[in-house]
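The structure displayed is predicted, hence computed values, not measured ones.
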Amino acid sequence: MANLKDLSKHPERVTGGHRLCAGCGAGIVARQTLIAAGDTPVVVTSATGCLEVSTTVFPFTAWKNAFFHSAFENSAATCSGIETAYRSLKKQGKIKDDIRFIAFGGDGGTYDIGLQSLSGAMERGHKMLYICYNNEAYMNTGIQRSGATPMGAHTTTAPAGKAIQGKEQHRKDLTAIMVAHDIPYVAQAYVGNWNDYITKVQKALSVDGPSFINIFTPCRLGWNYKPEDTMPLARLAVETCVWPSYEVENGVYKINVMPKEKKPVVEYLKPQGRFKHLFKPENAHILEAIQQEVDRKWELLLSKVGK
């Protein structure tokens with residue numbers, strides 16, 4: 001596990017003064033990721049999204065390390081290209097340092113329009129870490145639904161109204177898709193547990209090949225909750241098994257945070273304005289469907305770890 005005393009000695013490579021919303025989880029993810037990297041030189045690529053537009057407003061930047069802004073759909077492709085150039089230059093003796101490569105993308109740029117470039121980078125075996133800061137919608141461009149948006153959530157393109165009651169489909173299991181690429185390290189994490197996340201980043205950066213972390217990152221604007229509730233809400237997602245914290249190392253599954261008591265999903269849904277319509281009597285069947293899907297996925301995960 002990560003050592004807090006050692007981490008306190010690591011450099012801060014994401015500054016304060018950026019323009020992310022109060023209570024935004026993306027800034028927490030970026031800061032903790034680079035603290036986890038320690039003193040190792042790092043090149044970061046980032047898809048267009050909340051993290052990029054809020055930390056690189058020209059002529060300012062919140063990044064103290066090398067940073068490359070990619071288009072919405074190709075953070076993974078850009079990072080893999082830089083990593084390839086690095087390997088060539090190191091082979092020629094023009095670079096001596098060991099450098100790590102980290103690509104960031106939101107769920108819109110990862111689950112959906114960036115999936116092809118992500119899949120290609122993982123399949124080619126580039127030594128890079130891809131981190132999806134998953135806030136479950138296209139938050140930067142107006143809170144449109146994405147492949148990561150859960151059933152029943154109100155978004156601007158799947159609104160709760162007379163015709164439908166929020167998004168009608170369950171979210172895509174991108175973590176499982178990454179496991180299917182047979183890469184050395186895949187994990188799910190959440191912003192409410194720094195030790196769990198930083199430990200996973202350190203593991204991911206140490207493997208000889210590609211790695212992927214899907215980190216649950218609440219969005220106070222798109223989810224409609226109080227800014228100070230980001231951490232408690234992320235923990236509730238784990239305690240209700242909506243978002244299990246687990247890792248897959250060389251095909252072996254391990255649950256990292258086992259809930260002491262599996263709470264009902266409604267405890268996670270109630271604090272969020274995007275789900276308020278589900279608590280009308282006529283929508284009880286949607287709540288039941290969500291709970292059934294969470295239970296099914298949790299039992300499937302338990303079977304994979306042999307429990």
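- Side chain of N193 to main chain of D196: a donor-acceptor pair is present (N/O by atom type, distance under 3.5 Å, no hydrogens or angles).
- Sorted by first then second residue, the ring-ring contact (aromatic ring centres under 6.0 Å, His included) pairs that include residues 79-98, not counting sequence neighbours, are Y86-F101.
- For K127 and E83, the salt-bridge test fails: no basic side-chain N is under 4.0 Å from an acidic carboxylate O.
- Two residues are said to be in side-chain contact when any heavy atoms from C-beta on lie closer than 4.5 Å; R100 and L129 fail this criterion.
- Within a 6.0 Å radius of CD in E267, more than 12 heavy atoms belonging to other residues, nucleotides or ligands are found.
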Task: Test log, rule side-chain contact (heavy atoms from CB on, under 4.5 Å), inputs I102 and V43 - done: CA-CA 6 Å; I102 302 174; V43 173; over 6 Å; no
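- In summary, the side chains of R124 and S80 do present a donor paired with an acceptor at a separation below 3.5 Å, with no hydrogens or angles considered.
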Task: Evaluation steps, side-chain contact (heavy atoms from CB on, under 4.5 Å), between K167 and M151 - done: CA-CA 5 Å; K167 188 185 173 190; M151 173 185 278; 5.8 Å; no
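- Considering F104, F212, F216 in turn, F212 is the only one that fulfils the side chain to side chain contact (heavy atoms under 4.5 Å, CB included) rule with C132.
- The list of salt bridge (Lys or Arg N to Asp or Glu O under 4.0 Å) pairs with a residue in residues 40-60, not counting sequence neighbours, is empty.
- Salt bridge annotation for E136-R171: present, with a cationic side-chain nitrogen under 4.0 angstrom from a carboxylate oxygen.
- Between Y246 and W298, the ring center distance fails the sub-6.0 Å criterion.
- Annotation: the span from C219 atom SG to N135 atom CG amounts to 5.0 Å, rounded to 0.5 Å.
- Between the side chain of T240 and the backbone N or O of A237, at least one donor-acceptor pair lies under 3.5 Å.
- No side-chain N or O of Q272 forms a donor-acceptor pair with one of N224 less than 3.5 Å apart.
- The number of heavy atoms from other shown groups lying within 6.0 Å of NZ (K262) is above 12.
- Residues S211 and Y130 have side chains not in contact (no heavy-atom distance under 4.5 Å, counting atoms from C-beta outward).
- Enclosure of atom CG in D6 by more than 12 non-hydrogen atoms of other residues, nucleotides or ligands within 6.0 angstrom is indicated.
- Taking the side chain as every heavy atom from C-beta outward, S245 and K200 approach each other to under 4.5 Å.
- The two atoms that bring A26 and L51 nearest to each other are O-CD1, 4.0 Å, heavy atoms only.
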- [ ] Verify side-chain hydrogen bond (donor to acceptor under 3.5 Å, both in side chains) between T45 and S75, making sure each step is shown before the conclusion.
- [x] CA-CA 6 Å; T45 69; S75 183; 3.1 Å; yes
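- For the pair K297 and L301, the minimum side-chain heavy-atom distance is 4.5 Å or more.
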- [ ] Might you work through the side-chain contact (heavy atoms from CB on, under 4.5 Å) test for V191 and M231, ending with a clear yes or no?
- [x] CA-CA 6 Å; V191 298; M231 298 297 198; 4.1 Å; yes
TODO: Check the pair S88, Q92 against side-chain hydrogen bond (donor to acceptor under 3.5 Å, both in side chains), reporting the backbone distance first and the verdict last.
DONE: CA-CA 6 Å; S88 175; Q92 297 173 51; 2.9 Å; yes
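- Between K9 and D39 no salt bridge is recorded (no basic side-chain N to carboxylate O distance below 4.0 Å).
- Taking all atoms of both residues into account, the shortest heavy-atom contact from P218 to A234 is CG-CB, 4.0 Å.
- Residues A103 and M128 come closest through the heavy atom pair CB-CE, 4.1 Å.
- Residues L302 and I255 meet the side-chain proximity criterion, which asks for heavy atoms closer than 4.5 Å.
- For R145 (side chain) and A158 (main-chain N/O), no donor-acceptor pair under 3.5 Å exists by modelled atom type.
- Under the 3.5 Å distance criterion, with hydrogens and angles disregarded, a donor-acceptor pair is assigned to the side chains of D107 and S146.
- T56 and W63 are not linked by any side-chain donor-acceptor pair at a separation below 3.5 angstrom, with hydrogens and angles left out of the test.
- Counting only distance, with no hydrogens or angles, the side chain of H154 and the backbone of P159 share no donor-acceptor pair below 3.5 Å.
- Under a 3.5 Å cut-off, the side chain of H277 and the backbone N or O of A153 do not form any donor-acceptor pair.
- The pair R220-E228 does not count as a salt bridge, with every side-chain nitrogen at least 4.0 angstrom from each carboxylate oxygen.
- If you check the side chains of T48 and H69, you find a donor sitting under 3.5 Å from an acceptor.
- Summarising the geometry of C50 relative to M139, their closest heavy-atom pair is SG-CB, 3.8 Å, with the distance given to 0.1 Å.
- Nearest heavy-atom pair, H10 versus G38, reported as atom, atom and distance to 0.1 Å: ND1-CA, 3.4 Å.
- Under 4.0 Å is where a charged nitrogen must lie from a carboxylate oxygen, and between D98 and K90 at least one such pair does.
- Enclosure of atom CZ in R31 is not indicated, since only 12 or fewer non-hydrogen atoms of other residues, nucleotides or ligands lie within 6.0 angstrom.
- Between W194 and L7, some side-chain heavy-atom pair lies under the 4.5 Å cut-off.
- Without hydrogens or angle criteria, D229 side chain to P232 main chain gives no donor-acceptor distance under 3.5 Å.
- D112 places a side-chain heavy atom less than 4.5 Å from the side chain of Y138.
- Looking at heavy atoms from C-beta onward, F279 lies in side-chain contact with V266 at the 4.5 angstrom threshold.
- Ion pairing between a basic and an acidic side chain is recognised when a charged N comes within 4.0 Å of a carboxylate O; E12 and K64 show no such pairing.
- In terms of the side-chain contact (heavy atoms from CB on, under 4.5 Å) criterion, residue partners of I177 (sequence neighbours excluded) are, by chain and number, K172, L174, H181.
- Between the side chain of E168 and the backbone N or O of Q165 there is no donor-acceptor pair closer than 3.5 Å.
- Interatomic distance, CZ of R235 versus NZ of K263, reported as 11.0 Å (0.5 Å rounding).
- Looking at Y111 and N214, their side chains do bring a donor and an acceptor atom within 3.5 Å of each other.
- Judged by distance alone, with hydrogens and angles left aside, the side-chain atoms of S303 form a donor-acceptor pair with the main-chain N or O of L300 at under 3.5 Å.
- Checked by atom type and distance alone, the side chain of Q188 pairs as donor or acceptor with a backbone atom of P244 at under 3.5 Å.
- Side chain to side chain, T217 and Y190 fail the donor-acceptor criterion of an N or O pair below 3.5 Å.
- Looking at every heavy atom in both residues, T156 comes nearest to G142 through OG1-O, 2.9 Å.
- No donor-acceptor pair under 3.5 Å is formed between the side chain of E249 and the backbone N or O of Y185.
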